[in-house]
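Here the structure is laid out as C-alpha cells; the discussion comes afterwards.
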There are 2 protein chains.
Amino acid sequence: MSDEMPLARLFGIVLQHHYATLNERLRPFGLSAGQVPIMLRLAAGQNVTQEALARQFHVDKGAVARAARRLEEGGFIRREIDPIDRRAVRLFLTAEGERVVPEFVRFGREWEDAITAGLDADEQAMLRSLLDRVVGTCADARCCHE
Amino acid sequence: MSDEMPLARLFGIVLQHHYATLNERLRPFGLSAGQVPIMLRLAAGQNVTQEALARQFHVDKGAVARAARRLEEGGFIRREIDPIDRRAVRLFLTAEGERVVPEFVRFGREWEDAITAGLDADEQAMLRSLLDRVVGTCADARCCHE
DNA sequence: GGACAACTGTTGCGTCATCAACCTTTATCT
DNA sequence: AGATAAAGGTTGATGACGCAACAGTTGTCC
C-alpha cells in the first residue's frame with residue numbers, strides 16, 4: 001500500500017480527488033471546486049465579506065476574489081459594496097444561487113461520505129480531530145489568527 | 001477552531017503549508033516542492049522509470065516529466081533512455097544529487113515532525129493509518145492499481 | 001486637518017497537479 | 001509481416017492557491 005509515501009503526498013492525493021470529483025459535478029453549472037466553500041458559507045448566512053471568507057477558510061484573499069468573480073459572472077451571487085466601509089464587498093446569494101446551493105451542499109457531503117466510507121463513526125471523528133489539530137499547528141506557524 | 005470547515009479545506013491547508021515550507025527551503029537549490037518526491041525515491045534506489053514514480057506517488061506522468069526536467073536542468077539527476085525499452089527513461093542521481101539529497105530527506109522529515117508536533121506517537125501512527133485508508137478508498141474510485 | 005499607517009480587494013506571476021492530444025516505441029493479433 | 005493496440009513520455013490548456021505589488025478607503029495620531 002503506502003510504500004514509503006511522504007505524508008504530504010497523502011494529503012495531495014485526497015485533495016486532488018476532491019477537486020476531480022467536485023469539478024466534474026459542477027461542470028454543468030459552469031463552476032468548479034474553488035467556488036464551493038463560498039457558496040456553502042453563504043448558505044449558512046449571507047451578507048459576508050470576502051475578507052471574512054478568506055479568514056474562515058484560511059485561503060488567500062486573492063483566491064476569494066477570483067472565486068467570487070466567477071460566482072457573480074455565473075449569476076449565483078450578488079456583490080454589494082458596504083455603504084459603511086466602502087472598501088468591503090458583501091456577498092449574497094441570488095435566487096439562482098439559493099436554488100442550487102443545496103445541491104452543492106450535497107456534493108460536498110457525498111464526497112466526504114465517499115472518502116470516509118471505509119471508516120466507522122469513531123474513526124471519522126478521530127480523523128477530523130487529528131486533522132484539526134494538525135491544521136492548528138501549521139496555522140500557528142505562519143499567522144496568529146483567531 | 002474549525003467552525004464548519006469542509007474536510008477538503010483541512011487537507012488543502014496542510015498541503016499548502018507543506019509547499020510553502022519546502023519551497024522556501026529549496027529556493028537556494030533552484031528547486032521547489034514538486035521535485036522532492038523524485039529525489040527521495042532515488043535516494044532509496046536509483047534506475048527508476050518515470051512511469052514507476054508516477055504510479056508510486058499517484059501523480060500524473062506529466063507532472064513527473066516536468067519535475068524530472070527541472071531536476072536534470074539543475075544537475076541533480078541524469079536521465080538515460082532504457083536500451084531495452086527505448087520508450088522508457090531511467091533516472092539516476094548525479095554526484096551533486098547524491099550530495100544534496102540527504103538535506104532534502106531532512107527537509108521532508110522536519111516538516112512532518114513540525115506538522116505532527118502536537119500529536120503523540122500513537123496519534124501520529126493513527127493519523128497515518130487513517131490517511132492511508134482514505135487514500136486507498138479514493139484511489140480505488142478512479143483507477144484500480146496495485 | 002493633514003500626513004501616515006492599516007485594511008479590503010484586485011491583478012500578475014509562480015507552483016502543484018490534472019487531463020487531453022500527440023509522438024515514439026513496443027506488443028499483439030490475425 | 002502488416003495493421004492495430006497499448007505503453008512511456010512530452011507538451012499545452014486549465015484549476016487551485018499563495019505571494020507581492022498596487023488602488024481605494026478608512027483609521028490614527030500629532
Side-chain angles (χ1 to χ4, degrees), chain A residues 6 8-9 11-27 30-38 48-55 57-72 79-91 138-139 141-143, chain B residues 6 8-9 11-27 30-38 48-55 57-70 72-73 79-91 138 142-143:
Chain A
R9 280 308 308 149
F11 285 89
I13 293 164
V14 175
L15 194 60
Q16 290 298 332
H17 181 267
H18 174 258
Y19 291 148
T21 305
L22 271 286
N23 284 342
E24 184 178 346
R25 287 178 159 234
L26 292 169
R27 189 164 310 125
L31 295 177
S32 49
Q35 288 91 53
V36 169
I38 296 184
V48 180
T49 284
Q50 292 187 191
E51 186 274 336
L53 286 164
R55 197 151 27 82
F57 295 121
H58 292 76
V59 171
D60 187 80
K61 53 185 181 163
V64 176
R66 280 180 259 260
R69 196 163 65 82
R70 278 194 61 176
L71 286 170
E72 186 182 36
R79 308 169 64 198
E80 290 185 8
I81 293 177
D82 186 328
I84 310 298
D85 182 348
R86 301 223 314 280
R87 295 169 299 186
V89 179
R90 298 194 162 272
L91 307 186
C138 69
R142 267 292 166 204
C143 65
Chain B
R9 279 309 308 150
F11 286 89
I13 294 163
V14 175
L15 193 60
Q16 291 295 334
H17 181 268
H18 174 257
Y19 292 149
T21 305
L22 271 286
N23 283 342
E24 184 179 345
R25 288 178 158 232
L26 292 169
R27 189 163 309 126
L31 295 177
S32 49
Q35 289 91 53
V36 170
I38 296 184
V48 180
T49 284
Q50 291 187 191
E51 186 274 336
L53 286 164
R55 197 151 27 82
F57 294 122
H58 293 75
V59 170
D60 187 81
K61 54 184 180 164
V64 175
R66 279 180 256 261
R69 196 163 66 82
R70 277 193 63 174
E72 186 181 37
E73 288 171 355
R79 308 170 64 200
E80 290 185 7
I81 294 177
D82 186 327
I84 310 296
D85 182 348
R86 301 222 315 278
R87 295 170 298 186
V89 179
R90 298 193 162 272
L91 308 185
C138 70
R142 266 293 165 205
C143 66

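Chain letters run A, B, ... following the sequence lines, proteins first, then strands; residues in each count from 1.
Separating the CZ atom of A/R69 from the P atom of C/dT8 is a distance of 21 Å, rounded to the nearest angstrom. A/L53 has its CG atom 13 Å from the P atom of C/dT8, to the nearest Å. Rounding to whole angstrom units, CZ of residue A/F57 and C1' of D/dA16 are separated by 15 Å. The separation between A/I38 atom CD1 and C/dG9 atom C1' is 13 Å, rounded to whole Å. In this structure, B/D60 places its CG atom 15 Å from P of D/dG12, rounding to the nearest Å. Protein atom CD of A/E24 is 10 Å distant from nucleotide atom P of C/dA20, rounded to whole Å. If you take CD of B/E73 and P of D/dT10, they are 12 Å apart, rounded to a whole angstrom. Nucleotide D/dT25 holds its C1' atom 13 Å from the NZ atom of A/K61, rounded to whole Å.
Considering only heavy atoms from C-beta on, B/V59 stays 4.5 Å or farther from B/L53 through its side chain. Residues A/T49 and A/R90 meet the side-chain proximity criterion, which asks for heavy atoms closer than 4.5 Å.
Nucleotides of DNA chain C nearest to B/L15 and B/I84 differ in position, and the one nearer the 5' end is that of B/L15. Map A/G12 and A/A88 each onto its nearest nucleotide of DNA chain C; the residue landing nearer the 5' end is A/A88. Looking at which nucleotide of DNA chain D each of A/G34 and A/D85 is closest to, the 5′-most match is held by A/G34.
Listed for the A/Q35 side chain is a donor-acceptor partner under 3.5 Å among the backbone atoms of A/S32.
OP1 or OP2 of D/dT10 sits under 4.0 Å from a side-chain N or O of B/Q50. Between B/S32 and C/dG14 there is no side-chain N or O to OP1 or OP2 distance below 4.0 Å. OP1 or OP2 of C/dA17 sits under 4.0 Å from a side-chain N or O of A/R9. Residue A/Q35 places no side-chain N or O under 4.0 Å from the OP1 or OP2 atom of D/dG15.
B/A33 comes within 4.0 angstrom of the backbone, heavy atoms only, and of no base. In this structure, B/A54 reaches neither bases nor backbone, as no heavy-atom distance under 4.0 Å exists between it and the strands shown. Heavy atoms of B/R90 sit nowhere under 4.0 angstrom from any nucleic acid atom. A/V59 comes within contact range of the sugar-phosphate backbone alone, with a heavy-atom separation under 4.0 Å but no base atom that close.
Remark: A/R66 engages no residue in a salt bridge (Lys or Arg N to Asp or Glu O under 4.0 Å) (not counting sequence neighbours). Applying the salt bridge (Lys or Arg N to Asp or Glu O under 4.0 Å) rule to A/R9 yields no partners; only residues at least two apart in sequence or on another chain are considered. For A/R70, there are no salt bridge (Lys or Arg N to Asp or Glu O under 4.0 Å) partners at least two apart in sequence or on another chain. Annotation: side-chain hydrogen bond (donor to acceptor under 3.5 Å, both in side chains) contacts of B/D85 (sequence neighbours excluded): B/R87. A/R86 pairs by the salt bridge (Lys or Arg N to Asp or Glu O under 4.0 Å) definition with nothing, not counting sequence neighbours.
In the set C/dA17, C/dC16, D/dG8, the nucleotide with an atom closest to the side chain of A/Q16 is C/dA17. Side-chain atoms of A/T49 lie closest to C/dG9 of the nucleotides D/dC17, C/dT25, C/dG9. Taking the side chain of B/Y19 as heavy atoms from C-beta on, and the options C/dC19, D/dA16, C/dC16, the nearest nucleotide is C/dC16. When the nucleotides D/dG15, D/dT26, C/dG12 are ranked by their closest atom to the side chain of A/R66, C/dG12 comes out on top. For B/N23, counting side-chain heavy atoms from C-beta on, the closest listed nucleotide (C/dG9, C/dC16, C/dT18) is C/dC16. The side chain of A/R70 approaches D/dG15 more closely than any other nucleotide in the set D/dT10, C/dA17, D/dG15.
Across all their heavy atoms, A/A67 and A/G34 have their closest contact at CB-O, 3.9 Å.
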Between the protein and nucleotides 1-7 of chain D, which nitrogen or oxygen pairs come in under 3.5 angstrom?
from  : atom 1 : to    : atom 2 : distance (Å)
D/dA7 : N3     : B/R87 : NH1    : 3.1

